[in-house]
Amino acid sequence: MMSEVDMERSDTADQIIRCREVHKWFGTFHVLRGVDLMVRKGEVIVICGPSGSGKSTFIRCINRLEEHQKGTIVVDGIEVTNDLRNIHAVQREIGMVFQQFNLFPHLKVIDNVTLAPIWVRRWSKDQAVKIAEELLNRVGIPEQAQKYPGQLSGGQQQRLAIARALAMQPKIMLFDEPTSALDPEMIKEVLDVMVELAKSGMTMIVVTHEMGFAKQVADRIYFFDDGSIVEYNTPAEFFLKPKEERTKKFLSQILTH
Amino acid sequence: MTDPFDMEMPPRVEIGVLGWLKNNLFSPWYNALLTVVSLAFVIFVVRAILRWAFFSARWEVVTTNLKVFMIGRYPAAEAWRVIASLAIVVVLAGLSWAFRKAKDRPIRRWLVLAWIVSFPVIGILLRGFGEDNPFMPRVSAEVWSGLLLTLVLAIVGIAASFPIGVLMALGRRSRLPVIKILCTIYIETIRGVPLISVLFMSQLMLPLFLPPHIRLATVMRALVGITLFSAAYTAENVRGGMAAVPRGQYEAAQAVGLNKALMMILIVLPQALRNVIPAIVGQFTALFKDTTLVVIVGLLELLGIGKAVTGQRQFIGLHQEVYFFVAVLFFICCFLMSYGSRRLEKALGVGER
């Protein structure tokens, strides 16, 4: 079992994300204390942990919304450094879905999706619209194309955010607590889209406490606490035989209700 | 959707005119007293104004001088050029209004282009060509005056200061320290001095920076002063609007791969500018009224012309009529601006969060 999750495998060729010894400070506060994490193409990684443990900060370092100060992050062969070209190249390959959706309120639903492909990928408008319509269909809101984001429900907004990220045809998708701001009855519609995406072979890193989702599609679950990885394992092992005390305590807290 | 069988309606409230009057104006007794006193005061003031306007005011000072108020010392033989300029603006405004909802992008693009081209065209129209050009002889900017001058100062001032102000706002939020410091110094210096001193400075200092063979007309130098002044205030308004755009918008723009410039143009500025339409229009209204200050550098805009008219021998002492008329013209212009601003806010407010 361990060999399946072994990070030190010799073949690194299909590792699309490689993070080594990543450190970050906010002022003097040491948020990330040496995070090592590798992701192979097509894997779904779930990150959980108590709030303030640095899990959001960590995935935001991967697409450079935050700057890490020590260690290396390599995405699809490109190292994330201060070089703007590298940053843009990495950001083009990574789609991100936020807890607060962060849709563009001044643009129609369809324009939210087509904006980046038209301006960054330089697609023709017709081509962008065609693909955007397919994506809206895929996330189940094809009839909302001409509305504004503010006119949609929370679940629809988050599904639109997923479609917007997918429009750039990213190789990797990051999800930062995508269901935490949603009303309970809307969580499932978003998770359904994410499960479908995972099954289609997308490489995903998901920060979430939705353990049902983790059991269903995750290849590995990482448990963060105090800015470092306490332990990680396949979902089956992680839930049945957590090794560390902190993990056991966390699991008992989130699984009892 | 609503349940078709749920026929319960909100309770109807019917009070009628008398009921409304009683409820709002005449109960309890002190409200009745207030109503009567206020009504008496309003009637007294309105009656006095109407009596003055219709019986004692000598409006011939306005009607005789109408052309002077409008174009001042602009040669009467060339007045058609002002009218043609006005016609261009009216036609373009009408077309823009007619096509305001048009889905047809090419038409809108042509309209924007036409507006941009109209500025130099009107400039040439008003100024003319050479001294002895038979068709359109030069009318020196020194003789532009009256409402014409007020409008030129305000419109060019607004049109030029807006883009400069936006750039300054962007510069002040720049990460490059040199740009940031320069923009901050500019904005704070201009905001720290009165418009009058900026106007004086632009009259006296500007020639020092220009090569000696270029001599800018007083009007042009005043325009530079007004533009620089207004740009600093626009910059601060726009900066406020940008600060109100949530961080998440910047992050989402980066996450979809937009670079800094595209992020500003496509995501941040559209939201920031919509946030500050009321503030910016308010500031442009103030600018419109502040154009009256150019009288201190010897230019006769609408108010200055009014003052000159009261000095005419046959109309001596008719200050009230003249200033009332000038005030009404200013009010109409400012009202149109704030009316347009409210329409714009409504039109852009679609899909508000």
Side-chain angles (χ1 to χ4, degrees), chain A residues 56 59-60 62-66 84-85 87-109 111-122 125 144 146-152 157 161 163-170 172-176 181, chain B residues 1-2 100-109 166 174-177 179 238 240-278 280 343-353:
Chain A
S56 285
I59 68 165
R60 289 157 59 85
I62 297 176
N63 70 342
R64 222 351 128 95
L65 291 186
E66 303 285 356
L84 272 180
R85 277 167 305 176
I87 293 174
H88 286 311
V90 165
Q91 285 174 344
R92 277 198 298 271
E93 298 308 329
I94 300 180
M96 186 158 192
V97 175
F98 300 87
Q99 182 178 353
Q100 300 296 342
F101 324 141
N102 295 345
L103 297 166
F104 304 132
H106 60 300
L107 299 175
K108 284 182 182 165
V109 166
D111 297 327
N112 263 275
V113 183
T114 58
L115 180 98
I118 289 174
W119 288 93
V120 182
R121 290 257 189 256
R122 298 263 159 217
K125 184 155 187 222
Q144 314 287 353
Q146 297 305 319
K147 291 191 185 166
Y148 285 89
Q151 296 165 299
L152 307 186
Q157 292 196 26
R164 177 180 69 179
L166 289 175
M168 283 293 284
Q169 306 193 317
I172 300 155
M173 285 284 284
L174 305 178
F175 292 81
D176 188 3
Chain B
M1 282 282 110
T2 52
R100 70 192 183 282
K101 292 238 168 74
K103 291 264 186 295
D104 202 349
R105 295 224 169 205
I107 291 186
R108 287 176 157 199
R109 212 166 288 164
V166 171
S174 167
R175 275 215 203 141
L176 303 172
I179 294 181
V238 172
M242 285 183 356
V245 174
R247 263 221 73 67
Q249 292 292 309
Y250 293 83
E251 292 181 349
Q254 280 174 28
V256 295
L258 298 182
N259 60 32
K260 271 269 154 62
L262 286 177
M263 172 171 88
M264 284 297 169
I265 295 168
L266 298 173
I267 305 299
V268 179
L269 278 179
Q271 297 184 56
L273 292 179
R274 190 169 71 186
N275 288 344
V276 294
I277 292 170
I280 289 197
R343 293 296 299 247
L344 189 64
E345 266 173 74
K346 252 195 174 159
L348 294 177
V350 202
E352 197 81 64
R353 270 162 297 177

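Just the heavy atoms: all of them, side chains too, but no hydrogens, waters or symmetry mates, feed the values below. In this text, all values refer to a predicted model and were calculated from it rather than measured experimentally. Chain identifiers are assigned alphabetically (A, B, ...) following the order of the sequence lines, protein sequences preceding nucleic acid strands; residue numbering begins at 1 within each chain.
Counting heavy-atom pairs closer than 4.5 Å to chain B, the top-ranked of the candidates A:Met168, A:His88, A:Met96, A:Arg92 is A:His88. For the options A:Ile94, A:Leu115, A:Leu84, heavy-atom pairs under 4.5 Å to chain B are most numerous at A:Leu115. For chain B, the option among A:Leu107, A:Ile87, A:Val97, A:Leu103 with the highest count of heavy-atom pairs below 4.5 Å is A:Leu103.
Listed by first and then second residue, the side-chain hydrogen bond (donor to acceptor under 3.5 Å, both in side chains) pairs that reach into residues 253-263 of chain B come to none, sequence neighbours excluded.
The shortest heavy-atom contact between B:Gln271 and A:Pro105 is OE1-CG, 3.3 Å. Residues B:Ala252 and A:Arg164 come closest through the heavy atom pair CB-NH2, 3.5 Å. A:Phe98 approaches B:Ala255 most closely through the heavy-atom pair CZ-CB, 3.9 Å.
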Applying side chain to side chain contact (heavy atoms under 4.5 Å, CB included), run through B:Glu251 and A:Arg60 and close with a yes or a no. CA-CA 10 Å; B:Glu251 292 181 349; A:Arg60 289 157 59 85; 2.6 Å; yes
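Note that CD1 of A:Ile118 and CG of B:Leu262 are 12.0 Å apart. Values are rounded to the nearest 0.5 Å. The distance from the CD1 atom of B:Ile267 to the CG atom of A:Asn102 is 11.0 Å, given to the nearest 0.5 Å. Rounding to the nearest 0.5 Å places CG of B:Leu273 at 10.5 Å from NE2 of A:His106.
In this structure, chain B has heavy atoms under 4.5 Å from both the backbone and the side chain of A:Phe104. Heavy-atom distances place both the backbone and the side chain of B:Leu258 under 4.5 Å from chain A. When heavy atoms are compared at a cutoff of 4.5 Å, A:Arg121 does not approach chain B at all. Using a 4.5 Å cut-off between heavy atoms, A:Leu174 does not touch chain B at all.
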